[in-house]
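First up is the structure itself, then whatever we jot down about it.
Just so you know, these numbers come straight off a predicted model, no measurement behind them. Below, all heavy atoms of this structure are taken into account, side chains as well, without hydrogens, waters or symmetry copies. In the text below, chain A, chain B and the rest are named by the order of the sequence lines, each starting its count at 1.
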2 protein chains.
Amino acid sequence: MQTGPQPADFADVRATNLAVVLRHVRAHGPVSRAGIAAATGLNKATVSSLVADLIDRRLLRETGLAENRIGRPATMLVLDGSAYAAIGIEVTGDHLTAVAVDLAGEQLLSWRRAFTASFEPGRGVSAIASLAGRAASRATAQGRQVLGLTVGVPGLVDETGAVRRADALGWSDVDLRGDLIKALRKPEYDVAVDNDANLAALAEQRYGNHSGARNLIYLTGETGLGAGLIVDGRLLRGGRGFTGEIGRIQLHGGTLQELAGIESLIQRALPDADADGPITDFAPEIARLTTAARAAAPRTLDALRDVGRHLGHALSLLTNLLNPETIVLGGYFVPLATWLIPAAQAEMATHTLAPDAGGAILVPSVLGSGAAAIGGAARVLDALDTGNLPALAV
Amino acid sequence: MQTGPQPADFADVRATNLAVVLRHVRAHGPVSRAGIAAATGLNKATVSSLVADLIDRRLLRETGLAENRIGRPATMLVLDGSAYAAIGIEVTGDHLTAVAVDLAGEQLLSWRRAFTASFEPGRGVSAIASLAGRAASRATAQGRQVLGLTVGVPGLVDETGAVRRADALGWSDVDLRGDLIKALRKPEYDVAVDNDANLAALAEQRYGNHSGARNLIYLTGETGLGAGLIVDGRLLRGGRGFTGEIGRIQLHGGTLQELAGIESLIQRALPDADADGPITDFAPEIARLTTAARAAAPRTLDALRDVGRHLGHALSLLTNLLNPETIVLGGYFVPLATWLIPAAQAEMATHTLAPDAGGAILVPSVLGSGAAAIGGAARVLDALDTGNLPALAV
DNA sequence: CTACTTTGTTTAGTCACCAGACGAACTAAC
DNA sequence: GTTAGTTCGTCTGGTGACTAAACAAAGTAG
């Protein structure tokens, strides 16, 4: 039970146990009521009552199938993904990604469109709201109730959902959550705004190769460099909500953003990088970079090794401070992981304990470029896992 | 309510609400039953029942005093510290500190004795057990029930209470908790072992000048250099429990331990420091150091400024990653804080956001040298605050 | 067809909380 | 001094959620 100042009552017991059953079914495939009772320690009668409630809420479904052992056959229960949807939107300097996910983890839609932050937040907010509105309409048209929307932004987001500072977008002090709620005309679903690295970490925890890890760090490799920190099973937020600002940390030679950011990497790894003006679209540059790396171009390999070392140094700091089990590289680091990871691991090994004594393993993300968007949906679905169920449909 | 796999039942509701009442009385001085009900939202009848239970358990006490407002006078309730005691022991390279604290925060005893780790853990364990046993006897002789014992060790302690590695003691793989339980002949009270920085952070959170802070970092300045990290109200433990190993982090020029550890500071700040052999007792050296600093000896001031800068650099990393509100300097850093803090703050200011935008304030500890011992007792008492009450006395 | 096994529901009981009534104890005012 | 008003804390009855145990349901084994 929680340590909070709030007292508990029956509703809390019910919510907790509903969540226990829901999580158990999600984690342990098709199960019978009796199986749930045996595994959770709840009484059979209680499980029956809880399951009936969850079926009413269209969160569980009976599969007609019976098991073929001795005794009365069991009616198996599985997650019913079909009634609800959660929407996540990721904002970067050059595009928006929207995804909708159902409870069973099915991806209902995955949209990507160009986006220009353009130093004028008003239009940016309109574009985000428009995309969110269309995603919600699509989900509704498919007969699904939208449970919530989370927008991931590369920058500092405070606890009220306001963007205090987002260099990659040129924004500061934009009440994104408030403006979105206005633009969406007070939707009945939940609206939240969070840092992109935080959401990507949640996505990895729920859907990644190392899902369920209680200690996981996600390192974004988008325009900015940020970290989402999950320690002891919880996402760290800190005093103002500004955790994981790893790009800002000072190493010998500059900040990590300067030493190992994507822009710096491109400029050092590609001999003919455009010297004039900022890069507006990174994807083709990264493609050229991987080609050059595969061709073993010395300058490219040197730059990748160098960036890997700096990342490794920064990750050794994180490892000494937070003792994670898993570190996931995301964004543009994923296609480059083959070259970055060995250098980073070598650097980490010299400054931290060995993996068998509490060190961390370093892996590339398998979630693709929209990790933060998926994480936005995951944040919404996580609410169900903690007992915050949708009201009964009438 | 918790997200754990455990289902909830009535006992949990009761425990949660008992803890709510207990915490409220501890935080808000003498209160009446009606006052508790109004503040917590619990029903008056429920509060009466909870209070009766807590009085039976000798955790609360009625003060005969009545308030002088209109209406029926209230019978005020306060914490009853007299029935229980919690014991904390801090182990360092050269001494043991034992404290016993009651529920109301009264320090019942504070012992300090010499200790030699001597590369032979067996005798060290005996010495700790002997001290713990005598502290427990003393508390029992005063009519108090001992609720638990926590031993703080400068080093890596895993989740089972085994010391995996403690350089300052020359220990590795010592099952300290198991050995203590054996040596104390399976005491009926709870025995735990934890990292000294973790416990000191708990002590600051419960008893320090910034008590109640939800985001607080404690930096030890004993033989080793470690950090206790409290983020979002919880102490971070990480995958193996090895968080806060800040001495091990690599900065330009060496590890933080090498750059800003007490030994390094003494050797650089005192021109005539013993060059031969390790320093066995730091206290007199620190005293000489403060004298030299007050006399504005250039070499001393330079060394302090330098160490302050390195600490500031390391703390800027922590601040960017964890966004704490408060950072507390402990151990031998406390008498030197006057000279260390300005340099550290200047360094932090250049690498982090300004305090008004989410930065951290840096202060010396006010708890004295036995902070980890006090924290050991605090860990025991924290169990009460989360509903883990002692069984009813018969 | 009978015995056995396992599932899931039903019934009765307990426990903790809540709302509202009520007695207790005191102040204020006439 | 009596009466009204206020606040405190307890008491009573009611509700919701869990549990244990009995039981009906639906199969297998022989």
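For the pair Leu77(B) CG and dG9(D) P, the computed distance is 7 Å after rounding to whole Å. Ile36(B) places its CD1 atom 9 Å from the P atom of dG9(D), with the value rounded to the nearest Å. Atoms CD1 (Ile70(B)) and C1' (dA25(C)) sit 12 Å apart, rounded to a whole Å. The CG atom of Asp53(A) sits 12 Å away from the C1' atom of dA17(D) (whole-angstrom rounding). Whole-Å rounding puts the Lys44(A) NZ to dA24(D) P distance at 14 Å. In this structure, CG of Asp9(B) is placed 19 Å from P of dG16(D), rounded to the nearest angstrom. For the pair Phe10(A) CZ and dT14(C) C1', the computed distance is 11 Å after rounding to whole Å. Atom CE of Met76(A) is separated from atom P of dA26(D) by 18 Å (rounded to the nearest Å).
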**Item:** Arg61(B)/Ser82(B) under side chain to side chain donor-acceptor pair (under 3.5 Å): CA gap, chis, key distance, verdict
**Value:** CA-CA 10 Å; Arg61(B) 190 164 44 87; Ser82(B) 68; 5.8 Å; no
**Request:** Any chance you could lay out the side chain to side chain donor-acceptor pair (under 3.5 Å) test for Arg14(A) and Ser49(A), step after step, and finish with the verdict?
**Result:** CA-CA 10 Å; Arg14(A) 187 70 173 177; Ser49(A) 161; 2.8 Å; yes
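Note that the CD atom of Glu188(A) and the CD atom of Gln145(A) stand 7.0 Å from one another [nearest 0.5 Å].
Scanning atom types as modelled, one donor and one acceptor separated by under 3.5 angstrom connect the side chain of Arg72(B) and the base of dC8(D).
For Ser32(A), no side-chain nitrogen or oxygen approaches OP1 or OP2 of dT6(C) to under 4.0 Å. Under 4.0 angstrom from either OP1 or OP2 of dC18(D) there lies no side-chain N or O belonging to Asn43(A). For Thr75(A), no side-chain nitrogen or oxygen approaches OP1 or OP2 of dT7(C) to under 4.0 Å. Contact annotation: Arg14(A) reaches the phosphate of dC18(D) (side-chain N/O to OP1 or OP2, under 4.0 Å). Distances shorter than 4.0 Å separate some side-chain N or O of Asn17(A) from OP1 or OP2 on dC18(D). Between Thr46(B) and dC18(C) there is a side-chain polar atom (N or O) within less than 4.0 angstrom of OP1 or OP2.
With dG8(C), dG9(D), dA16(C) as the candidates, the nucleotide lying closest to the side chain of Ala74(A) is dG8(C).
Annotation: of the two residues near DNA chain D, Ser49(A) and Arg33(B), the 5′-most nearest-nucleotide partner is Arg33(B).
The two residues Gly233(A) and Ile230(A) have their closest heavy-atom pair at C-CG2, 3.9 Å.
As judged by a 4.0 angstrom heavy-atom cut-off over every strand, Ala45(B) is placed among the base-contacting residues.
When each of Asp382(B), Asp385(B), Asp80(B) is checked for a salt bridge (charged side-chain N to carboxylate O under 4.0 Å, His left out) with Arg26(B), only Asp385(B) meets the rule.
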